Novice: 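If you scroll down you'll find the structure; I have some questions about it.
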Amino acid sequence: MLTYRSKLDLCIIITSIFFIMEVVLMFVHANEAVISFNKHLSCLILLWAYVVAGVSGKGFFHPFTLYLVAFTTFIFSRLIMDVMGLYSFDDTYFFSNEVKHKMILVVSFATISFTWGALFSFRRNLKNNITSHFQETSLSLVLRKYGLYLIGITIVPFLILKIKTLIDVATQGYVYAMYLEGGLQSSEGWFDKLLGISDNIFYTGVFLYLATYPKGKIYRWVIIIFLIASIIELGSGRRGPTICNMFVLLVYLGCRGLKLSIKKLCLLSLALVAFLYLSFAFALTRNDSIADIGSVDTESLSFVVENVFWQQGATLCCAIGETIYMEKKLEDKELYIFSPVHDLLFGSVFSDILGIRRYNPSVQDKNTLEKSWRLGGKIMYNMDPDGYYEGYGTGSSMVAESYCCGGVFGVMFWPFLFMFMFTYFWDKYKYNPVIFFLLLSGLSQYFFSPRDPMFRFMTSIFYAFIFISLIRLLMKYVPKRSTI
């Protein structure tokens, strides 16, 4: 009988065999047969990653397992549909065989790389003395109280912002509504500024409260409020953040002891079907208002599933494929992976306070194009300059940014570092209320990284760190009172 350490070692060896196979394919001339073989091998590698998640014993609600689901949804869905004969790359993107071959290679290397990262973090944590349960302290009680304060202060501005966005989506379409919402953050009026940042502060309060492992009626109400807020995000056209918020909730409940059973699996399946139909309906408001859509015929479940996953999987072609295709046109592309840090320094409220703000990343204009390091904006401008200025974009991807910062070798390194770092700290510190709060704050961006900048989660953690530091100062200088 193999020990747990031996199982992890065996998984590392088998993953290394897949890596060697992909390295060999790097030097094979790209033709239809090779591309077809690589597509199937890439899907097999993804399947193996799910096996690794099962062997690790972390459960379905662990960040690594649900990250695989996010990665499958945002990147692999079109590749899987291509292998199943439901979709072909050539239907929408006429890449050369060399580009298609490299596109599949980098996705495979990224999958192998972050699987390695998870395995080595699991193995490393075997040597650590990890706390197995949460212990209530005076610090956790104070953090819980301040979390509720933040929720109470921002819930009204948050709802005003989201209801306003819903109305704008219904009347003007998603792109126009997101442009207006981004403009609030750079507005001169204090009320508009509060509206623009209220969602960030609201979620900070929720995560601060949940990080203390509360119980009782207030805890259940906070979970319900978080769920409603996530559904509102879907109503405003943001399917990706809604999916990621659901993953955050599932991971958190997993930390609280939630296990997957037949009953829960059926409930999750029903929720998924409802979500797919809602996503299909709201996708129609992406460019048009509700009034312009007209009546929509009732579609079969298979059509809705194919349509939604085809749209969610656009990152494979729009971000990764286009990055490989136009890599010679992308200037200073090694810097794009650090775009979240650059945005924090020169395009955020933080930089506004310091007086060094250079651009507003929520507004797509010439100034943002020239001064930001955002890969999605660069790709969109090279594809369609008019479309860029109208507010459209391809989005970014941790895979595309890794390729920009090191080519194929970058894809072998950065996803490994990304996954090792997050899963290591998660497993080791999930019962530490301060560090758990920081991790929860970055968890949604962690799940969204397949179609967003890789290190966006670090900026979320930075803002959370500022909040927690302010709270520690208040604890030091404000007299103690009763806690909730």
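Start at 1 with the first residue, then count along the sequence. The structure presented is a predicted model; accordingly, all values stated were derived computationally and were not measured.
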Novice: Go through the structure and list residues passing ring-ring contact (aromatic ring centres under 6.0 Å, His included) with Tyr359, not counting sequence neighbours.
Specialist: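 For Tyr359, the residues satisfying ring-ring contact (aromatic ring centres under 6.0 Å, His included) (neighbours in sequence not counted) are His342.
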Novice: So which pairs with a foot in residues 108-119 pass salt bridge (Lys or Arg N to Asp or Glu O under 4.0 Å), sequence neighbours left out?
Specialist: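 Non-adjacent pairs meeting salt bridge (Lys or Arg N to Asp or Glu O under 4.0 Å): zero.
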Novice: Quick check: does any side chain N or O of Tyr50 sit under 3.5 Å from a backbone N or O of Leu68, one acting as donor and the other as acceptor?
Specialist: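 Looks like yes, one N/O pair under 3.5 Å.
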Novice: For a 4.5 angstrom cut-off between non-hydrogen side-chain atoms, does Val83 reach Cys43?
Specialist: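 A side-chain contact exists here, since the closest heavy-atom pair is under 4.5 Å.
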Novice: Could you please spell out the steps behind the side chain to side chain contact (heavy atoms under 4.5 Å, CB included) verdict for Ser351 and Leu345?
Specialist: CA-CA 5 Å; Ser351 61; Leu345 292 175; 5.8 Å; no
Novice: If a pair satisfies side chain to side chain donor-acceptor pair (under 3.5 Å) and one of its residues is in residues 373-386, list it, with sequence neighbours excluded.
Specialist: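 Applying side chain to side chain donor-acceptor pair (under 3.5 Å) to every pair that reaches into residues 373-386, excluding sequence neighbours, yields Asp343-Arg374.
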Novice: Within a strict 4.5 Å, meaning less than it, do heavy atoms of the Tyr446 and Leu439 side chains meet?
Specialist: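 No; the side chains remain at least 4.5 Å from each other.
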Novice: So do the side chains of Phe202 and Leu150 get within less than 4.5 Å of each other, counting heavy atoms only?
Specialist: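 A side-chain contact under 4.5 Å is absent here.
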Novice: Quick test of your reading: applying salt bridge (Lys or Arg N to Asp or Glu O under 4.0 Å), list the pairs with at least one residue in residues 327-337, sequence neighbours left out, ordered by first then second residue.
Specialist: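 Checked against salt bridge (Lys or Arg N to Asp or Glu O under 4.0 Å) - neighbours excluded - no pair reaches residues 327-337.
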Novice: Measure the spacing between OH of Tyr203 and OG1 of Thr154 and express it to the nearest 0.5 Å.
Specialist: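 Tyr203 atom OH to Thr154 atom OG1 measures 10.5 Å (nearest 0.5 Å).
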Novice: Any chance you could measure Lys100, atom NZ, to Leu316, atom CG, to the nearest 0.5 Å?
Specialist: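 The CG atom of Leu316 is 11.5 Å from NZ of Lys100, to the nearest 0.5 Å.
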Novice: Under 4.5 Å between any side-chain heavy atoms of Pro415 and Met398, yes or no?
Specialist: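 Yes, close enough: below the 4.5 Å cut-off.
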Novice: How would you list, by chain and number, every residue that makes a side chain to side chain donor-acceptor pair (under 3.5 Å) with Tyr424, sequence neighbours excluded?
Specialist: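 Tyr424 satisfies side chain to side chain donor-acceptor pair (under 3.5 Å) with Asn128, Lys428 only.
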Novice: Heavy atoms only: give me the nearest Val363-Thr368 pair and the separation to one decimal.
Specialist: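 Answer, listing the atom of Val363 first, then Thr368: O-OG1, 2.8 Å.
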Novice: Run the side chain to side chain contact (heavy atoms under 4.5 Å, CB included) test against Ser469 and tell me which residues pass, sequence neighbours left out.
Specialist: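 If we apply the side chain to side chain contact (heavy atoms under 4.5 Å, CB included) test to Ser469, skipping adjacent residues, the hits are Phe465.
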Novice: Within the distance-only criterion (no hydrogens, no angle test), does the side chain of Ser36 pair as donor or acceptor with the backbone N or O of Glu32 below 3.5 angstrom?
Specialist: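 No, Ser36 side chain to Glu32 backbone: no donor-acceptor pair under 3.5 Å.
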Novice: Carefully, step by step, assess Phe37 and His101 under the rule ring pair (Phe, Tyr, Trp, His ring centres under 6.0 Å).
Specialist: CA-CA 10 Å; Phe37 174 78; His101 183 48; 10.0 Å; no
Novice: Within a strict 4.5 Å, meaning less than it, do heavy atoms of the Val399 and Thr323 side chains meet?
Specialist: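 A side-chain contact is absent here, since even the closest heavy-atom pair is not under 4.5 Å.
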Novice: Do the side chains of Ile337 and Trp414 get nearer than 4.5 Å, heavy atoms only?
Specialist: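 Heavy-atom side-chain distance check passes, below 4.5 Å.
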Novice: Only counting residues at least two apart or in another chain, list the ones meeting side chain to side chain donor-acceptor pair (under 3.5 Å) with Asp452.
Specialist: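 Partners of Asp452 under the side chain to side chain donor-acceptor pair (under 3.5 Å) test: Arg456.
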Novice: Do other residues, nucleotides or ligands put more than 12 heavy atoms under 6.0 Å from the CZ atom of Phe409?
Specialist: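 Counting neighbours around CZ of Phe409, 12 or fewer heavy atoms of other residues, nucleotides or ligands fall under 6.0 Å, so no.
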Novice: With a 6.0 Å cut-off on ring centres, are Phe109 and Phe19 close enough?
Specialist: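 Yes.
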Novice: Check whether more than 12 heavy atoms from other residues, nucleotides or ligands sit under 6.0 Å from atom OH of Tyr325, and answer yes or no.
Specialist: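 12 or below, so no.
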Novice: Assess whether side chain to side chain donor-acceptor pair (under 3.5 Å) is satisfied between Glu401 and Ser396, documenting all intermediate values.
Specialist: CA-CA 7 Å; Glu401 290 182 344; Ser396 186; 3.1 Å; yes
Novice: Can you give me the closest heavy-atom contact between Cys318 and Thr394, atom names plus distance?
Specialist: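 Looking at all heavy atoms of both residues, the shortest contact is O-CB, 3.9 Å.
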Novice: Counting C-beta onward and ignoring hydrogens, is there a side-chain heavy-atom pair between Leu44 and His40 closer than 4.5 Å?
Specialist: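 Of all side-chain heavy-atom pairs linking His40 with Leu44, none is under 4.5 Å.
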Novice: Using the ring centroid of each side chain, check whether Phe207 and Phe437 are separated by less than 6.0 Å.
Specialist: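 Between Phe207 and Phe437, the centre distance exceeds or equals 6.0 Å.
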Novice: With a 4.5 Å cut-off on side-chain heavy atoms, are Ser397 and Arg451 touching?
Specialist: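 Result no, sub-4.5 Å side-chain heavy-atom pair not found.
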Novice: Which residues satisfy the ring-ring contact (aromatic ring centres under 6.0 Å, His included) test with Phe425, sequence neighbours excluded?
Specialist: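 Testing Phe425 for ring-ring contact (aromatic ring centres under 6.0 Å, His included), a comparison that skips the adjacent residues, returns Tyr429.
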Novice: Under the side chain to side chain donor-acceptor pair (under 3.5 Å) test, which residues partner Ser449, sequence neighbours left out?
Specialist: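 Checked Ser449 against side chain to side chain donor-acceptor pair (under 3.5 Å); matches are Tyr67.
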Novice: Who passes salt bridge (charged side-chain N to carboxylate O under 4.0 Å, His left out) against Lys58, sequence neighbours left out?
Specialist: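 Listed in chain order: Asp427.
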Novice: Measure from the ring center of Phe64 to the ring center of Trp426 and say whether it is less than 6.0 Å.
Specialist: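 No.
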Novice: Which residues pass the ring-ring contact (aromatic ring centres under 6.0 Å, His included) test with Phe457, sequence neighbours left out?
Specialist: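 Per chain and number, Phe457 pairs via ring-ring contact (aromatic ring centres under 6.0 Å, His included) with Phe418, Phe422.
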Novice: Please table the atom pairs, donor to acceptor, closer than 3.5 Å between any side-chain atom in residues 112-119 and protein atoms at least two apart or in another chain.
Specialist:
unit_1: Ser113; atom_1: OG; unit_2: Met412; atom_2: O; d: 2.8
unit_1: Ser113; atom_1: OG; unit_2: Phe416; atom_2: N; d: 2.8
unit_1: Thr115; atom_1: OG1; unit_2: Thr111; atom_2: O; d: 2.6

Novice: Might you work through the side chain to side chain contact (heavy atoms under 4.5 Å, CB included) test for Leu105 and Ser108, ending with a clear yes or no?
Specialist: CA-CA 5 Å; Leu105 276 173; Ser108 299; 5.7 Å; no
